[in-house]
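Order of the sequence lines fixes the chain letters, A, B, ..., with proteins taken first and strands second; residue numbering starts at 1 for each chain.
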Amino acid sequence: MSAVKLVRMANQIAIFFRTQPDEAGATAVADHIKSFWNPVMRREIYAHLRAGGEGLEPLARAGLEALMARDPVAHESVTK
Amino acid sequence: MSLSREKDFGTPLRTGSTMVTLSIDGVQTRVPAGTSVMAAAAKMGTQIPKLCATDTLEAFGSCRLCLVEIEGRRGTPASCTTPVEDGMVVRTQTKRVADLRRGVMELYISDHPLDCLTCSANGDCELQDMAGVVGLRDVRYGQDGEQHRTIAADDSNPYFTFDSSKCIVCSRCVRACEDVQGTFALTIDGRGLGSLVATGGPDFLGSECVSCGACVQACPTATLNEKSIIEMGAPTRSIDTTCAYCGVGCGFRAEMQGDKVVRMVPSKAGKANEGHSCVKGRFAWGYATHKDRITKPMVRAKITDPWREVTWDEAFAHAASEFRRIQGAYGVDSIGAITSSRCTNEETFLVQKLVRAGFGNNNVDTCARVCHSPTGYGLKTTFGTSAGTQDFKSVALSDVILVIGANPTDAHPVFASRMKKRLRKSAKLIVIDPRRIDLFRTAHIEADHHLALKPGTNVAIINALAHVIITEGLVNEAFVRERCDLGDFESWARFIARDENAPEAVEKVSGVATSEIRAAARLFATGGNGAIYYGLGVTEHSQGSTMVMGMANLAMATGNLGRAGVGVNPLRGQNNVQGACDMGSFPHEFSGYRHVSDDATRDMFEGLWGVSLSPEPGLRIPNMLDEAVEGRFKGLYIQGEDIAQSDPDTQHVTRGLRNMECVIVQDLFLNETAKYAHVFFPGSSFLEKDGTFTNAERRISRVRKAMAPQAGLADWETTLGFAKALGCVFSYAHPSQIMDEIAALTPTFAGVSYAKLDELGSIQWPCNDSAPQGTPIMHVERFVRGKGKFMITDFVPTDERTTQRFPLILTTGRILSQYNVGVQTQRTANTIWHDEDVLEIHAFDAENRGIRDGDLVAIQSRSGEVALHARISERMQPGVVYTTFHHAKSGANVITTDYSDWATNCPEYKVTAVQVQRTNRWSDWQEEDRASGDLLRIIERKADAAE
Ligand code: SF4
Ligand code: SF4
Ligand code: SF4
Ligand code: FES
């Protein structure tokens with residue numbers, strides 16, 4: 001899937017959770033992406049993140065970094 | 001199964017708790033106060049003769065056939081208009097009333113053509129029955145009455161005729177059109193013997209009539225009669241089933257001759273419709289036997305090859321070997337499936353089981369992705385369950401009805417009739433919609449407020465309504481304190497009170513006047529029971545899920561939840577879209593909305609199914625297509641969906657489909673998606689199988705087989721055959737066994753079984769030990785999630801903006817006579833009302849572009865271009881254009897974009913920036929589609945052995 005599309009989706013999610021009071025925003029973004037995104041999509045966005053993460057909003061980036069650290073698929077290759 | 005008819009009690013039954021005791025023909029009986037003498041007698045089995053009364057209508061008292069004697073009363077009162085009283089002594093059969101009734105009948109018959117033997121209603125005519133019941137033997141006045149014979153029958157409506165020579169002017173039709181349907185198309189013109197039913201137009205077709213059939217249903221004679229009855233004669237057997245069109249889920253009796261449907265009659269026992277229907281369910285069933293039905297399985301190696309008819313076994317073996325080959329070459333995750341919201345719960349459950357247990361991944365999704373997935377997310381987050389809160393009946397107790405982004409008179413007509421009935425009585429109406437929907441101003445109804453917002457500003461408006469409620473102290477504090485999470489409420493209240501949410505600020509983005517917003521908010525908060533009904537105009541936005549939460553916030557803040565008359569209610573599109581979601585069609589959820597990563601749930605499924613299941617969410621439809629374009633997703637099994645027409649950005653969809661190596665389409669017809677398919681499994685219509693549908697009020701109703709499947713297999717059997725070829729051991733002899741498995745695995749369905757459905761008629765889930773009869777209204781004492789959760793709903797404008805190049809906003813919708821992508825309704829006479837999709841445009845925008853009504857116009861977006869004929873419409877606001885998406889050839893989704901809801905990827909159908917200009921040709925896409933369409937649909941027929 002194109003990185004541009006994934007970045008837009010991640011940013012949309014971050015924009016929603018940015019204003020929520022209860023959870024730490026980054027955790028909420030991470031949980032949402034873990035719940036709804038297939039590993040294929042997650043692997044691709046991690047690859048994009050590792051390559052600098054161009055276009056990601058700060059909260060989207062923070063959420064993805066938090067998720068990548070705990071996601072078992074983070075170390076699998078993109079084309080798997 | 002023999003022909004059954006529902007009993008007619010003559011007047012509506014009452015349900016109150018105050019009981020009245022009376023004696024009828026010497027027998028004591030007890031009925032609720034308000035019951036008529038006629039209905040009380042009918043309840044004990046005594047049918048008092050009647051003509052102008054029927055229990056779907058309030059009594060009118062015009063025919064004078066139902067006269068009775070009541071002790072202590074002078075004369076002979078009409079039993080239909082006389083309510084029971086304590087101690088009343090009624091005689092229904094005395095010489096005096098018998099003579100009077102015979103006299104009345106004589107008058108009727110003297111004015112009626114006596115061609116009973118050749119009349120289409122022979123055997124099903126109340127006039128004929130009553131003549132027999134009252135013992136009419138001769139007619140003293142001769143038979144030279146007016147008979148209105150000089151007037152030719154009106155057969156302009158495609159489905160029924162009006163032959164006024166047979167009319168007894170009982171006005172049942174007029175009252176049905178008013179009270180039941182709420183259209184007011186009919187009147188009685190003239191007086192006495194000269195009076196006649198009139199349509200207020202040149203004929204039925206040219207009138208306000210919406211062809212719901214209520215008048216035909218109510219007519220006691222052959223005056224209003226189905227054309228199918230006239231052509232085929234009377235039915236000989238009937239079977240109870242459920243309409244397969246929209247999410248209202250009306251109960252019907254399929255009346256049959258052998259294996260042919262003669263007519264579909266709405267059933268009074270159907271709790272969703274209580275005897276009413278719309279043109280689709282009542283009349284537009286002819287597609288089921290249309291000549292375009294594909295009845296043989298087919299395969300082809302390439303989509304440019306002609307289709308080759310094969311046996312079911314060959315088709316299964318081919319499809320299975322292709323899917324396994326693809327998985328061998330590209331990995332386990334390279335295939336997936338789409339379940340159908342038109343198929344039964346059992347069929348949907350099987351497809352998702354096949355994916356999870358057979359394909360070994362969670363790549364299953366459903367068309368709800370493109371319609372109500374935000375409803376699921378939003379209501380689950382705030383209330384704890386992914387469904388509407390009320391039963392349909394609840395609207396009868398609403399005082400303020402808020403309709404947002406929905407067009408109920410067209411998309412959910414039978415529910416709309418209930419709503420209109422309540423609005424005509426006294427309820428107030430607030431409409432939030434960019435377009436002036438029909439409900440806004442219709443017979444005896446006028447909306448109190450129309451918030452005609454700019455498309456894409458829903459969230460701003462809902463926040464502004466809440467702002468008024470918070471800042472003017474209109475919150476229902478007792479409800480919030482008792483039922484909701486207070487911490488969340490306080491954060492939300494602080495957020496909503498901010499200036500950016502004030503009506504004055506929101507007016508600037510939404511275009512809705514501050515005073516309108518304030519007045520609507522005050523009305524909703526203080527007007528009594530407030531109920532929210534919404535449709536795709538809420539969900540199909542980049543903030544669809546946020547808006548659902550915004551409505552939930554509003555309902556909680558005003559205490560409008562947990563009882564009759566209130567609630568947050570999605571009007572769901574397709575017949576079983578609720579069911580498809582309930583059954584685990586989403587890639588991240590098992591049936592009952594439990595996440596695939598939940599170990600306990602997965603253990604339960606693994607235990608019963610005997611396989612290990614993936615804990616990772618699968619791909620959603622747009623993700624599958626993206627992956628296909630990238631070349632990694634190669635096989636898709638599509639049960640009863642037409643994504644090439646219904647999903648956004650058609651060219652992206654077809655690019656994905658073309659990239660796949662095996663697309664299996666299971667459908668009634670060679671739809672648009674089938675052009676890109678390699679295997680075709682012929683589907684079965686709802687008349688050809690057993691199962692259940694779940695409607696928008698969570699009501700599970702039986703679908704019953706009325707005829708054998710045309711292709712030999714019902715859809716569930718097809719999935720079983722495919723599963724077997726893939727090496728899966730699924731063994732079910734009947735859909736009831738699939739339901740038993742659903743019940744065993746899904747807590748909200750634990751108490752559901754076919755036996756219980758037969759006993760209760762229908763059941764609203766949750767149905768389990770704590771609610772053995774089901775749950776009409778949810779969240780009564782507490783929310784499913786415990787405390788109601790207020791969510792912060794910051795308004796974020798969509799990225800889809802108008803520009804100089806694309807200065808108009810296109811929004812989409814649907815109309816009454818057509819159903820979704822139209823493959824069914826376009827194969828019926830419903831095309832008479834809608835033979836093409838048109839572009840509605842405001843006069844101002846049209847004039848600026850030199851566009852006249854009827855001109856062909858090109859509509860361009862950044863995704864593509866199509867041409868449609870323009871219709872200048874006052875319903876639109878300047879800057880906004882509108883079209884429907886019922887016809888494949890118009891390709892409305894060629895122009896919609898791939899933007900989507902942030903939480904669920906539900907596409908943003910309702911907002912596309914476009915330019916419109918006059919043109920003299922169809923678009924390139926349309927031309928190519930037409931050319932390739934025929935090519936990709938060629939079937940290589942085997943020479944018939946008999947020839
Ligand atoms: S058309 Fe039928 S229902 Fe209407 S007034 Fe005539 S007989 Fe009665
Ligand atoms: S079909 Fe329905 S809308 Fe038309 S006249 Fe009869 S009751 Fe009225
Ligand atoms: S309202 Fe819906 S369910 Fe009822 S008859 Fe019409 S299409 Fe069928
Ligand atoms: S049935 Fe009572 S007056 Fe006609």
Side-chain angles (χ1 to χ4, degrees), chain A residues 1-48 55-61 63-64 67-68 70-80, chain B residues 330-334 336 361-363 373 377 381 485 487-488 490-492 494-495 542-543 545-546 549 586-589 595-598 614-620 622-633 789-796 798-799 898-905:
Chain A
M1 203 174 300
S2 84
V4 178
K5 220 174 203 177
L6 291 171
V7 166
R8 190 173 71 232
M9 285 162 58
N11 285 346
Q12 275 183 294
I13 295 166
I15 286 168
F16 178 79
F17 286 110
R18 192 170 58 195
T19 52
Q20 297 306 314
D22 44 5
E23 295 130 292
T27 313
V29 171
D31 289 346
H32 187 90
I33 290 179
K34 180 82 168 67
S35 289
F36 290 94
W37 287 25
N38 177 268
V40 177
M41 297 159 68
R42 302 204 308 263
R43 281 194 294 262
E44 283 197 27
I45 196 87
Y46 299 148
H48 179 76
L56 284 168
E57 297 271 330
L59 187 63
R61 180 186 292 271
L64 284 166
L67 182 58
M68 190 162 75
R70 64 170 154 106
D71 190 345
V73 309
H75 306 292
E76 293 168 3
S77 73
V78 169
T79 47
K80 195 196 152 193
Chain B
Y330 302 97
V332 174
D333 293 333
S334 58
N361 61 40
N362 285 320
N363 292 338
S373 51
Y377 183 86
T381 307
D485 184 304
D488 289 328
E490 278 157 19
S491 324
W492 173 77
R494 271 195 305 277
F495 153 77
S542 60
Q543 280 202 294
S545 293
T546 312
M549 293 186 253
F586 288 133
H588 64 293
E589 280 172 340
H595 202 274
V596 290
S597 64
D598 180 59
S614 165
E616 286 288 1
L619 294 166
R620 300 174 279 196
N623 313 146
M624 290 182 202
L625 291 164
D626 288 338
E627 282 294 293
V629 169
E630 300 274 322
R632 285 184 297 234
F633 188 85
K789 185 173 175 62
F790 281 86
M791 293 294 291
I792 293 200
T793 51
D794 203 13
F795 169 60
V796 182
T798 166
D799 291 339
D898 65 352
Y899 282 0
S900 63
D901 172 48
W902 68 269
T904 66
N905 266 183

Requested in this report: Give, as side chain, backbone, both or neither, the part of B/S542 having an atom under 4.5 angstrom from any heavy atom of chain A.
Outcome: both
Query raised in the report: From B/N361 CG over to A/N38 CG, what is the distance, rounded to the nearest 0.5 angstrom?
Result: 8.5 Å
Report task. Measure up the A/H32 and B/W902 rings against each other and bin them: parallel (under 30°), tilted (30 to 60°), perpendicular (over 60°). Result -> tilted
Report summary line: Counting heavy-atom pairs under 4.5 angstrom with chain B, the leader among A/R18, A/R8, A/K34 is A/R8
Report summary line: Applying a strict 4.5 Å limit to non-hydrogen atoms, the region of A/I13 in contact with chain B is both
Query raised in the report: Between B/S491 and chain A, which part of the residue has a heavy atom less than 4.5 Å away: side chain, backbone, both or neither?
Result: side chain
Query raised in the report: Quick one: are B/H595 and A/S35 in side-chain contact, heavy atoms under 4.5 Å?
Result: yes
Query - Close side-chain approach of B/P617 and A/R42, heavy atoms under 4.5 Å - result: yes
Requested in this report: Can you see which heavy atom on A/Q12 is nearest to which on B/D901, and at what distance?
Outcome: NE2-C, 4.3 Å
Query - Heavy-atom side-chain proximity of B/E616 to A/V73 below 4.5 angstrom - result: yes
Report task. Could you tell me which non-hydrogen atom of A/T19 sits nearest to which non-hydrogen atom of B/I792, and how far apart they are? Result -> O-CD1, 3.5 Å
Query raised in the report: Do you know which of B/D794, B/V629, B/V596 has the most heavy-atom pairs with chain A at a distance under 4.5 angstrom?
Result: B/D794
Query - Interface moiety of B/N363 toward chain A, non-hydrogen atoms closer than 4.5 Å - result: side chain
Query raised in the report: Which pair of non-hydrogen atoms, one from A/K5 and one from B/D626, has the smallest distance, and what is that distance?
Result: NZ-OD1, 2.7 Å
**Report entry** A/E44 and B/R632 ion-paired at < 4.0 Å
**Finding:** yes
Report task. Locate the shortest heavy-atom distance separating A/V40 from B/E627; write the atom from each residue and the value. Result -> CG1-OE1, 3.2 Å
Requested in this report: Please flag which part of A/F36 lies under 4.5 Å from any non-hydrogen atom of chain B: side chain, backbone, both or neither.
Outcome: both
Query raised in the report: Which answer fits B/F633, side chain, backbone, both or neither, if we ask what part of it has an atom under 4.5 Å from a heavy atom of chain A?
Result: neither
Report task. Find out whether A/W37 and B/R620 are in side-chain contact, i.e. whether some heavy atom of one side chain is under 4.5 Å from a heavy atom of the other. Result -> yes
